[in-house]
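The structure appears below as structure tokens.
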Amino acid sequence: MYAYDRFLGDGATDYQMSGPDKGRFAQSVFAKCGYASTFVPQQEVQANRRMYLQTLMAYIDRGVPVIRYFCGWGVFVGYEEYAEHLLYLTADSAEPTRLTWEQLFTPNDRQGAEAEEPGNFMGCGWLFVGEKRESPDLAQLYCDAVLDMPRLLGVKTRRIASARRPFALGRKASRTAGLQA
């Protein structure tokens with residue numbers, strides 16, 4: 001995905017999380033996997049700090065990490081000192097990083113100057129994954145995801161564009177191989 005006017009992340013998921021339906025998109029991913037979930041935008045987390053820290057601690061105490069989207073994905077896996085420090089893992093770390101509340105809302109280098117503008121959190125928020133509601137067929141989920149790639153990556157708007165042609169050829173090959181939705 002390529003944005004014409006600002007950095008929107010590294011891929012199609014980042015693009016989806018930058019739009020107005022970011023919460024619905026994040027929740028739909030877990031719904032397809034059979035889980036209930038609730039996406040809470042960053043601004044709401046900041047406005048209701050105590051409530052969301054209590055919720056985060058309750059999830060972690062039950063052994064369920066809380067997912068965070070902040071210009072990339074990470075998970076809260078623990079807390080110390082009654083949540084004065086949150087333990088946070090990303091794909092770039094083997095061990096959790098200790099973060100204070102203030103550090104949670106400080107833009108990192110990947111976000112650049114635009115993230116420092118008030119209210120511009122590029123779809124940031126916390127995702128609380130709840131109970132398992134159903135057990136979908138995982139093979140079908142993967143097949144559906146692969147077959148949906150041309151649509152997801154074939155976007156062209158005033159703000160973004162992606163390369164569709166390679167995926168259109170891949171879809172034709174997958175149909176020939178018997179991968180049908």
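Position 1 is the first residue of the sequence; numbering continues from there.
- Using cut-offs of 30° and 60° for the angle between ring planes, the Tyr35 and Phe30 rings count as perpendicular.
- Nearest approach of Ile60 to Phe76, heavy atoms of both residues: CD1-O, 4.0 Å.
- Not one N or O on the side chain of Lys32 forms a donor-acceptor pair closer than 3.5 Å with the backbone of Gln27.
- Not less than 6.0 angstrom separates the ring centroid of Tyr69 from the ring centroid of Trp126.
- Judged by distance alone, with hydrogens and angles left aside, the side-chain atoms of Ser93 form no donor-acceptor pair with the main-chain N or O of Pro96 at under 3.5 Å.
- The main-chain N or O of Leu104 is found under 3.5 Å from a side-chain atom of Arg68 such that the two form a donor-acceptor pair.
- One finds no salt bridge joining Lys132 and Glu134 here, because no Lys/Arg side-chain nitrogen approaches an Asp/Glu carboxylate oxygen to under 4.0 Å.
- Around CD of Glu95, the count of heavy atoms belonging to other residues, nucleotides or ligands within 6.0 Å does not exceed 12.
- Applying the side chain to side chain contact (heavy atoms under 4.5 Å, CB included) test between Ile67 and each of Phe39, Phe128, Trp73 identifies Trp73 as the sole match.
- Residue Pro65 comes nearest to Val77 through the heavy atom pair CB-CG1, 4.4 Å, listed as atom of the first residue, atom of the second, then distance.
- Side-chain contact between Leu86 and Leu56: present, with at least one pair of heavy atoms (C-beta onward) separated by less than 4.5 Å.
- Between Arg98 and Glu84 there is no salt bridge, since no side-chain N of the basic residue sits under 4.0 Å from a carboxylate O of the acidic one.
- At least one donor-acceptor pair under 3.5 Å links the side chain of Asn48 to the backbone N or O of Glu44.
- Using a distance-only test at 3.5 Å, with no hydrogens or angles considered, a donor-acceptor pair links the side chain of Thr55 to the main chain of Met51.
- With no hydrogens or angles considered, a side-chain donor-acceptor pair links Asp61 and Tyr79 at under 3.5 Å.
- In this structure a side-chain-to-backbone donor-acceptor pair under 3.5 Å is present from Gln103 to Thr100.
- The two residues Val64 and Val129 come nearest to each other via the heavy atoms CG1-O, 3.9 Å.
- Counting non-hydrogen atoms of neighbouring residues, nucleotides and ligands closer than 6.0 angstrom, the CZ atom of Arg62 exceeds 12 such neighbours.
- When the side chains of ILVMFWY residues are joined at heavy-atom separations under 4.5 Å, either directly or via intervening members, Trp101 and Val66 end up in a single hydrophobic cluster.
- Hydrophobic clustering (ILVMFWY, side-chain heavy atoms < 4.5 Å, transitive): Tyr82 and Leu99 are in one cluster.
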